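All figures in this text were calculated on a predicted structure; none of them were measured in a lab.
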Amino acid sequence: LGESQQRLDCLAAWKESNLFSKKEMAALDWAEKVTNISFSTDLEACQKTVLHHFSEQELVDLTLVISVMNSLNRLAISFEDSPKKEMQ
């Protein structure tokens, strides 16, 4: 969908990469904080950084997308990422 393979390959190392804009890095940092919320510290500071690049509505939308992806990943992990035969 127009995203370069290099950026996709470097996504796991986004903090060390120069391939992402400050806005993208703020969104990625927020995604990590929301995903690991029980270990996250200083959410308020992170949120302020995100709000420097995104509107309040965009922050809500971004947080919803992050939450949905986290839920889908947990479902995939729970069911071993493969369809199961129906129980008889």
Side-chain angles (χ1 to χ4, degrees):
L1 299 174
E3 191 57 68
S4 74
Q5 189 62 50
Q6 181 184 25
R7 282 173 39 101
L8 293 173
D9 293 342
C10 291
L11 193 54
W14 68 268
K15 290 178 186 176
E16 293 81 26
S17 174
N18 63 353
L19 297 174
F20 302 95
S21 69
K22 290 184 186 282
K23 181 177 183 176
E24 290 168 327
M25 292 175 75
L28 290 166
D29 191 32
W30 183 247
E32 285 188 359
K33 296 279 194 291
V34 171
T35 299
N36 300 306
I37 198 136
S38 61
F39 303 109
S40 296
T41 58
D42 210 1
L43 281 171
E44 190 173 329
C46 184
Q47 189 179 84
K48 285 181 184 178
T49 300
V50 175
L51 286 171
H52 179 72
H53 299 283
F54 295 91
S55 70
E56 288 185 8
Q57 183 60 56
E58 289 171 323
L59 176 60
V60 170
D61 294 344
L62 178 60
T63 306
L64 180 60
V65 169
I66 294 164
S67 299
V68 169
M69 286 309 304
N70 283 329
S71 295
L72 292 173
N73 286 332
R74 282 163 175 71
L75 284 170
I77 291 166
S78 297
F79 294 105
E80 299 175 3
D81 200 19
S82 63
K84 300 291 182 188
K85 292 182 181 178
E86 287 186 37
M87 295 179 64
Q88 297 188 9

> Under a 4.5 Å cut-off applied to non-hydrogen side-chain atoms, are L64 and V60 in contact?
Replying inline: no
> Under the side chain to side chain donor-acceptor pair (under 3.5 Å) rule, what pairs show up with a residue in residues 35-52, not counting sequence neighbours?
Replying inline: T35-N70
> Judged by atom type as modelled, is there a donor-acceptor pair below 3.5 Å linking the side chain of N73 to the main-chain atoms of M69?
Replying inline: yes
> Do L51 and M25 share a hydrophobic cluster, counting only Ile, Leu, Val, Met, Phe, Trp and Tyr and linking them when any side-chain heavy atoms are less than 4.5 Å apart?
Replying inline: no
> Heavy atoms, side chains only, cut-off 4.5 Å: are D61 and F54 in contact?
Replying inline: no
> Can you name the closest pair of heavy atoms from A26 and V50 and give their distance?
Replying inline: O-CG2, 3.5 Å
> Do you know which two heavy atoms are closest between L19 and R7, and how far apart they sit?
Replying inline: O-NH1, 2.6 Å
> Of the non-hydrogen atoms in F20 and C10, which two are nearest, and what is the gap between them?
Replying inline: CE1-O, 4.0 Å
>> Return the CD to CD1 distance between E32 and I66, rounded to the nearest 0.5 Å.
In response: 10.0 Å
>> Can you confirm whether L43 sits close enough to I37 that some side-chain heavy atom of one is under 4.5 Å from a side-chain heavy atom of the other?
In response: yes
>> Can you list everything that forms a side chain to side chain contact (heavy atoms under 4.5 Å, CB included) with S71? Sequence neighbours excluded, please.
In response: none
